[in-house]
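All chains are named by letter (A, B, ...) in the order of the sequence lines, taking the proteins before the strands, and each is independently numbered beginning at 1.
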There are 2 protein chains.
Amino acid sequence: MRNYKFPKIPEATIKRLSIYHRVLNELIHEGVEVVSSHRLSELTGLNAPQIRKDLTYFGEFGVRGVGYFVIHLHDSIREILGINKKWNVILVGVGKLGQALLSYENFEKQGYHIIAAFDTDPSKIGKKFGTNEIPVMPLDNIKKIAKEYNVKIAIITTPSESAQIVLNVIEEAEIEGVINFAPIKLTPNKKVTKISYVDLVTELDKMAFKITSS
Amino acid sequence: MRNYKFPKIPEATIKRLSIYHRVLNELIHEGVEVVSSHRLSELTGLNAPQIRKDLTYFGEFGVRGVGYFVIHLHDSIREILGINKKWNVILVGVGKLGQALLSYENFEKQGYHIIAAFDTDPSKIGKKFGTNEIPVMPLDNIKKIAKEYNVKIAIITTPSESAQIVLNVIEEAEIEGVINFAPIKLTPNKKVTKISYVDLVTELDKMAFKITSS
DNA sequence: TCCTGTGAAAGCGTTCACAGCG
DNA sequence: CGCTGTGAACGCTTTCACAGGA
């Protein structure tokens, strides 16, 4: 397997790769075989030199005078992002938002399989959610399940008060990546732990500012 | 009212202001009266000069040798972001994710009031969701409700296929800001329309990359 | 002395013009 | 000729060291 530990890839480039990947998916379904950076620009709203630059961080995927072969580029991006294989994921905090994510079909479509959910509420344990019938278990089981299913990513959708404790448990289970929906800063105990934040109120605040200041 | 149309405020600064605001909220509840940029740094994980710089884009809020008065800074940020008043918001697309957001209490707490939800599914129309009993209406009502309640922000949680059509309707209703959860690029018809994207699969893709490449 | 405010420098990401090649 | 690949320039954001003031 190729080593993609390049030194200076902008975080924003990775985000855009994910978007190219989605668009290429659609092009494949439409039967399109070749696409230019200009066409990708139209489809994504990003500009063409940006797209070319992003791609060349990882190699030369295009053909000069022609463009990019859709399937080849799609596969290459999958390999780069590491999504050419299934990822088993767990979710902690089966409130409304957690339940919504357990039913979110795009995760499964993109190869993210939520293998189990966890909650402290006894009335939720044993229940199943989503079309995949994802079972809810007590937090004690996280370590066992994570080992058994090689889980590397966890989603936290607990209230803010519980999120740090949950993170501790998650790190105990050797899970490396956490997507945190709780609006609170988490402090990892291990250096390897990667935490990303999805902050819904912040999104609204940014929008409020834009409207107010325009 | 002061005019905050400053020329060169980084987008990232606005996001951080939202975070400072949240932390200041907590400090107020703890009865803390004064806070230094160093302490804010600990609480947010951002570094202290960054915090000072962010704040001085908008004025001088601190006292040298002392720090920032929590309540004063909190109020100032509210005014800057434009969240010193209630915002009426609508949500379009009452699927699982939409329903979860209709029940998301942090919106209401922060002054974002979802006034109504909209869907094309007749079986959903007339129902009410969330603790605030938010009613679901047909899309035809968007314009009327938006006018009546002075709605400036809409949240789109429809499937990708419907999102562009919904945006068109939203723009008809003179709504300026859209937070789009559908994983598709939307093309606004008006220059004033502001669109922000919350892309859950992209978050997972970024995490997959980080883990794979580490 | 302490902590904020800030200009200047460094660092980083994007844009551009064109070189390179089918 | 067309479209990719890319070094260099540009512009934006963060960092830093210290000036400024209670």
Side-chain angles (χ1 to χ4, degrees), chain A residues 6-20 23-24 27 32-77 80 202 206 209-210 213, chain B residues 5-20 23-24 27 32-74 76-77 80 202 206 209-210 213:
Chain A
F6 294 95
K8 285 162 63 79
I9 313 290
E11 170 92 17
T13 291
I14 303 308
K15 187 172 175 178
R16 288 190 295 265
L17 284 184
S18 173
I19 293 168
Y20 307 149
V23 168
L24 290 165
L27 291 174
V32 177
E33 293 185 354
V34 178
V35 69
S36 66
S37 61
H38 179 69
R39 178 74 185 123
L40 281 175
S41 169
E42 290 173 358
L43 293 169
T44 59
L46 302 161
N47 73 36
Q50 172 92 270
I51 294 170
R52 295 200 299 276
K53 181 122 236 170
D54 282 342
L55 296 176
T56 54
Y57 281 123
F58 301 96
E60 303 194 5
F61 300 109
V63 181
R64 289 163 202 241
V66 180
Y68 301 91
F69 289 105
V70 173
I71 291 175
H72 176 237
L73 184 56
H74 180 258
D75 289 351
S76 300
I77 292 177
I80 292 163
T202 289
K206 288 196 290 188
F209 175 79
K210 281 188 202 168
S213 65
Chain B
K5 295 182 201 176
F6 293 96
K8 285 160 63 79
I9 313 291
E11 170 91 19
T13 292
I14 304 308
K15 187 172 175 177
R16 288 190 295 266
L17 284 184
S18 173
I19 294 167
Y20 307 149
V23 168
L24 290 165
L27 291 175
V32 176
E33 292 185 355
V34 177
V35 68
S36 66
S37 60
H38 179 69
R39 178 73 185 125
L40 282 175
S41 169
E42 291 172 357
L43 293 170
T44 60
L46 302 161
N47 73 36
Q50 172 94 268
I51 293 169
R52 295 200 298 274
K53 181 124 238 171
D54 283 342
L55 295 176
T56 53
Y57 281 122
F58 302 95
E60 303 193 5
F61 300 109
V63 180
R64 291 163 200 238
V66 180
Y68 300 91
F69 289 104
V70 172
I71 290 174
H72 176 237
L73 184 56
H74 180 258
S76 300
I77 292 178
I80 293 165
T202 288
K206 287 196 291 188
F209 174 79
K210 280 188 203 166
S213 64

Side chain B:Thr13, main chain B:Ile9, donor-acceptor under 3.5 Å
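The answer is no, because no donor-acceptor pair under 3.5 Å joins these two groups.
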
With sugar-phosphate meaning primed atoms plus P, OP1 and OP2, does [X] contact a base, only sugar-phosphate, or nothing at under 4.0 Å between heavy atoms?
{"X": "A:Gly62", "answer": "sugar-phosphate"}
{"X": "A:Ala48", "answer": "nothing"}
{"X": "A:Pro49", "answer": "base"}
{"X": "B:Arg16", "answer": "sugar-phosphate"}

If you take atom types as modelled and just measure distance, does the side chain of A:Lys8 reach the base of C:dG11 with a donor-acceptor pair under 3.5 Å?
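Not at all, since no donor on one side and acceptor on the other fall under 3.5 Å apart.
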
Measure [atom1]/[X] against [atom2]/[N] and give the value in whole Å, please.
{"X": "A:Arg64", "N": "C:dA19", "atom1": "CZ", "atom2": "P", "result": "13 Å"}
{"X": "A:Ile14", "N": "C:dG13", "atom1": "CD1", "atom2": "P", "result": "11 Å"}
{"X": "A:Asp54", "N": "C:dC12", "atom1": "CG", "atom2": "P", "result": "17 Å"}
{"X": "A:Lys15", "N": "C:dT14", "atom1": "NZ", "atom2": "P", "result": "11 Å"}
{"X": "B:Ile51", "N": "C:dC3", "atom1": "CD1", "atom2": "C1'", "result": "13 Å"}
{"X": "B:Phe69", "N": "C:dT4", "atom1": "CZ", "atom2": "C1'", "result": "13 Å"}
{"X": "A:Ile9", "N": "C:dT14", "atom1": "CD1", "atom2": "C1'", "result": "15 Å"}
{"X": "B:Gln50", "N": "C:dG7", "atom1": "CD", "atom2": "P", "result": "17 Å"}

Heavy atoms, side chains only, cut-off 4.5 Å: are [X] and [Y] in contact?
{"X": "B:Leu24", "Y": "B:Val35", "value": "yes"}
{"X": "A:Lys53", "Y": "A:Arg16", "value": "no"}
{"X": "B:Tyr20", "Y": "B:Leu55", "value": "yes"}
{"X": "A:Asn47", "Y": "A:Pro49", "value": "yes"}
{"X": "B:Thr202", "Y": "A:Lys15", "value": "yes"}

For B:Val35 and for A:Val63, locate the closest nucleotide of DNA chain C by heavy-atom distance; then report the residue assigned to the nucleotide nearer the 5' terminus.
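With B:Val35 and A:Val63 compared, the 5'-side residue is B:Val35.
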
Both A:Asn47 and B:Val66 contact DNA chain C. Taking the nearest nucleotide for each, which residue is further toward the 5' end?
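On the 5' side of the pair lies B:Val66.
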
Go through the structure and list residues passing side chain to side chain contact (heavy atoms under 4.5 Å, CB included) with A:Glu42, not counting sequence neighbours.
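Side chain to side chain contact (heavy atoms under 4.5 Å, CB included) list for A:Glu42, sorted by chain: A:His38, A:Arg39.
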
Less than 4.0 angstrom between a side-chain N/O of A:Arg52 and OP1 or OP2 of C:dT15, yes or no?
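Answer no for this pair, as no side-chain N or O of A:Arg52 is under 4.0 Å from OP1 or OP2.
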
OP1 or OP2 of C:dT4 sitting under 4.0 Å from any side-chain N/O of B:Ser37?
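Yes.
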
Chain A contact limits on DNA chain D, taken 5' to 3' with a cut-off of 4.0 angstrom to heavy atoms:
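Range of nucleotides touched by chain A: D:dG2 to D:dA8.
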
